[in-house]
Structure formats: structure tokens, C-alpha cells
Amino acid sequence: MLKMRLRLSAVEACGLLIAVFSSVAGEDSLKKAELGKPASLYCDVEGGSHGDMEITWKTPDQLVASFSKGVFSCGTGFENRVRFENVHSKGGFSLHINPVVFSDTDTYSCFNTTHLIKTWNLVVTVSPPKEVHVIERGTATLPCYGAISRRLVNEQLNVHWKKDGYAVLNLTKGATHHYPGFGYRANMFLHDIRQGDFSMVIKNVEMTDEGNYECFSENNEGKILNSVKLRVLKGIHHGYRQIVSDFTGSSFTFYVSSADVEVYLLREKIDEKMFVCRVRDTVAKCNVDISERTVMHQGYLTLKDLTEEDKGVYQLMDAGGTIVNEIVLEVRHIYSSAVIFYMTIVIPGFLLCWFCWKKIMFKALMSKLSKKYFRY
């Protein structure tokens, strides 16, 4: 019986060798990468000089990158994002992608001439928010991602956005169609769509824009790719004053748009109105006392390294002197680590020792008194 178990036919032995070889050389490896972050796919090429090698990275339907006779080239959609890592060391033809986009999710194979060396399954992960908040008249980006082939021409791209069941924006056969209520305030971009990013941008957000939005793509069999709720915060003319609480040393960011507006700070306790910045054509000219702490980017003004003197009411006024927004900033002081240590460790420790000492002294005194006055 033991001999029978140890014996293998020629066919069985051949099959076993093929299985072992396949598990070692042909098994795909899984690689996960977060959207917008770098990813490296390892490929160990041995033998020969680099000048004589012909290394190619491919997906099932296109070239990703190649190295032939000392010349590097990359495929469509990977321009300025791919390179080979450590070309003069072991594993020198590993593929480095930075940053990864959603459409990079695919199977990648590394070849030395026609010989397959390594195969990777790259999965790009992203967790889009289910709720987006924006202040009225601000800009909202509603996220949506889906699988798409880079080989599709513009006429084959179809993406649709709906709000509460009604069409908002359609990209059909490469042409964008805007619908009433949003018009040209809502947009998508072909370059982003080719990267698997179907997000919709809404500018000059109105209160009526609040609602539930859904993203579809015929390139993904008409499935709902994402559902997101948009919440719009009211502006001052609706009787709403936004209150922001922050700590010293942090940053305070608020939307000022790219229009001609001026920002003032009202310090209510000392009845002072201070000029902060004037914004015109995306450029901010600010008070010399805070200019080094201010940054203007895409319609948002940021005040860095907050101090307690920065607290107060920030008013945004248009060219006609009308207040278009108002934000109350509360700045709380953060104690240093030394002060926190002193207050949480040293002082309580001292009080505990003092209490224990008093307790010991009290017991000693009571013992002494009892011996003196209560002798039997």
C-alpha cells in the first residue's frame, strides 16, 4: 500500500511539475493603492546589459511603458506619471506610477522581450464622501468614480448626473448637455473622465441646489456609481451667521470667490473694524500685519497661525458696500506641553502628596493624644 502511494505515473508527475511552475512563475500578485498616491509594481530582470534589454509593461489592451536600447517611452494616459525605479539595481525595471488615477485599476504584465516575468493586479481604492457641505455661492465638487477604458474616443463617453430623479448634467457621445436650474454652473471635464473621475463641479451654489445626487455611466452598464447628498449653508442675507471655532496656531479658511470683495474684521469687545484683505481677480492684497499669514487659492482665503487677536466677526463686502457673508471666528488657546504636564501631573501629584502627609500627621497626632489622655 505504501509503495502504491509513493508511485506517480509520468502523467501525474508532469502535471505536478506544471502546477508548481505555474504557482511560482505565473501567479498574479495583488497590489492596492489609494487614489492620488504612488504605486510600485516589482519586476526583477536579470542578465544582460541594460542597453541591450527590451523591457515592456502592458495591460491587456495597451502599452504602459517600455525600455528599449536605452530609450524610455510610455503609453497614452500615463504621460508624466510613470517611470522605472532603480534602473541600475536588482528589480530595476519595477514600474512606478505617481499619482495613480482610478482608471489605473487593471492587470499589468512585465515582459523581457516576449518572455513574461511578472503579472500584477492593481486595484485603486477610494472612499468618496456620502455628504458634501458648502456655503451658499461657493463651489461644490460631488465625487464619482468608475472604470473606463483609455482607448475610448470622446464620442463613446457617456456620463449622467441626476438630482432627486431629475437630469442635471449629461455627457452623451462626448457632448455636454446642461439642464434648467443649473445651466453652465454644473460641469464635468473630459480629461478627468478619461482617468475614471466622473465628479461634477457646481459653481455659485444656490440654496435650491441642496438635495440628493446620483451619478451614472453607460460605460459601466448604467449602474449608479455614487449617491451623494449636498447640503448648502445659508448666507447672511438669510439671517444666518456662521460660527467657526479653532485653536491658536491652526488655520482659518473661508470662501471669498474671485470677485471684487473686501474682508473686514470686527472686534466687538473693543469696537474696532480692521481691514483684512481685498480680493480682485483671484489675487488678495492684505493688511501688512497679516500678509505673510494669508494664502489665496481657488477662491478660498486662508489665515494661518491663528492668534487670539484674530478672533472676531469677519465681514465680506462687495464693491457696493453690501455685506455678502459674515463669519464669527472663535479662537481658543492651546497650552504648551510643559504647561499641560505641570497642570495635569505636577500639581495633582503635589496635592496628593500634601493630602497623604496631612493624613499621616493627623493619625500620628491622634495616636499621641490617645496615649496621653486615654490611658487605662
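Scope of the values below: all heavy atoms of this structure, side chains included, with no hydrogens, waters or symmetry mates.
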- prompt: Which pairs with one or both residues in residues 137-178 pass ring-ring contact (aromatic ring centres under 6.0 Å, His included), sequence neighbours excluded?
  reply: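 Found Phe102-Tyr145, His178-Tyr184.
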message: Here's a test for you: under side chain to side chain contact (heavy atoms under 4.5 Å, CB included), which of Asn212, Val132, Leu142 qualifies with Lys229?
response: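 Result for side chain to side chain contact (heavy atoms under 4.5 Å, CB included) with Lys229: Asn212.
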- request: Would you tell me whether Ser199 and Asp197 have side-chain atoms, one donor and one acceptor, within less than 3.5 Å of each other?
  value: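 Distance-only check passes for Ser199 and Asp197.
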task: Verify the distance criterion only: is there a donor paired with an acceptor across the side chains of Ser40 and Ser94 at less than 3.5 Å?
output: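 No, no side-chain donor-acceptor pair sits under 3.5 Å.
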Kindly compute the distance separating [atom1] ([X]) from [atom2] ([Y]), expressed to the nearest 0.5 Å.
X      : Y      : atom1 : atom2 : result
Ser103 : Leu152 : OG    : CG    : 10.5 Å
Lys37  : Lys32  : NZ    : NZ    : 15.5 Å
Asn121 : Thr107 : CG    : OG1   : 4.0 Å
Met317 : Glu326 : CE    : CD    : 10.5 Å
Cys110 : Leu116 : SG    : CG    : 8.0 Å

- prompt: Are the aromatic rings of Tyr314 and Tyr264 close, with centres under 6.0 Å apart?
  reply: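 Judged by ring-centre distance (under 6.0 Å), Tyr314 and Tyr264 do not meet the cut-off.
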Does [X] [atom1] have over 12 foreign heavy atoms under 6.0 Å away?
X      : atom1 : result
Glu292 : CD    : no
Glu309 : CD    : no
Asn80  : CG    : no

- prompt: Got a salt bridge between Asp209 and Lys163, using NZ or NE/NH1/NH2 to carboxylate O under 4.0 Å?
  reply: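 No, this pair does not count.
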message: Looking at Arg293 and Asp310, is there a salt bridge between them, counting it only when a charged N and a carboxylate O are closer than 4.0 Å?
response: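 Salt bridge flag = yes for Arg293 with Asp310.
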Which atom pair, heavy atoms only, marks the closest approach of [X] to [Y]?
X      : Y      : value
Ile202 : Val205 : O-CG2, 3.6 Å
Val82  : Ala65  : CG2-CB, 4.3 Å
Ala284 : Met296 : CB-CB, 4.0 Å
Pro129 : Val228 : O-CG2, 3.8 Å
Val201 : Thr139 : CG1-CG2, 3.7 Å

task: List the steps and the verdict of side-chain hydrogen bond (donor to acceptor under 3.5 Å, both in side chains) for Ser29 and Lys118.
output: CA-CA 8 Å; Ser29 297; Lys118 184 68 177 178; 2.7 Å; yes
Backbone of [Y] reached by a side-chain donor or acceptor of [X] within 3.5 Å:
X      : Y      : value
Asn170 : Val168 : no
Asn158 : Lys173 : yes
Gln62  : Thr76  : yes
Arg185 : Asn204 : yes
Asn226 : Pro143 : yes

Cation over ring face, Lys58 and Phe111, 6.0 Å, 45°: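 Relative to the ring axis of Phe111, which defines the angle, Lys58 lies inside both limits.
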message: Set out, in order, the CA-CA distance, both residues' side-chain angles and the distance that settles side-chain contact (heavy atoms from CB on, under 4.5 Å) for Val101 and Arg81, then state yes or no.
response: CA-CA 10 Å; Val101 299; Arg81 294 196 302 119; 3.8 Å; yes
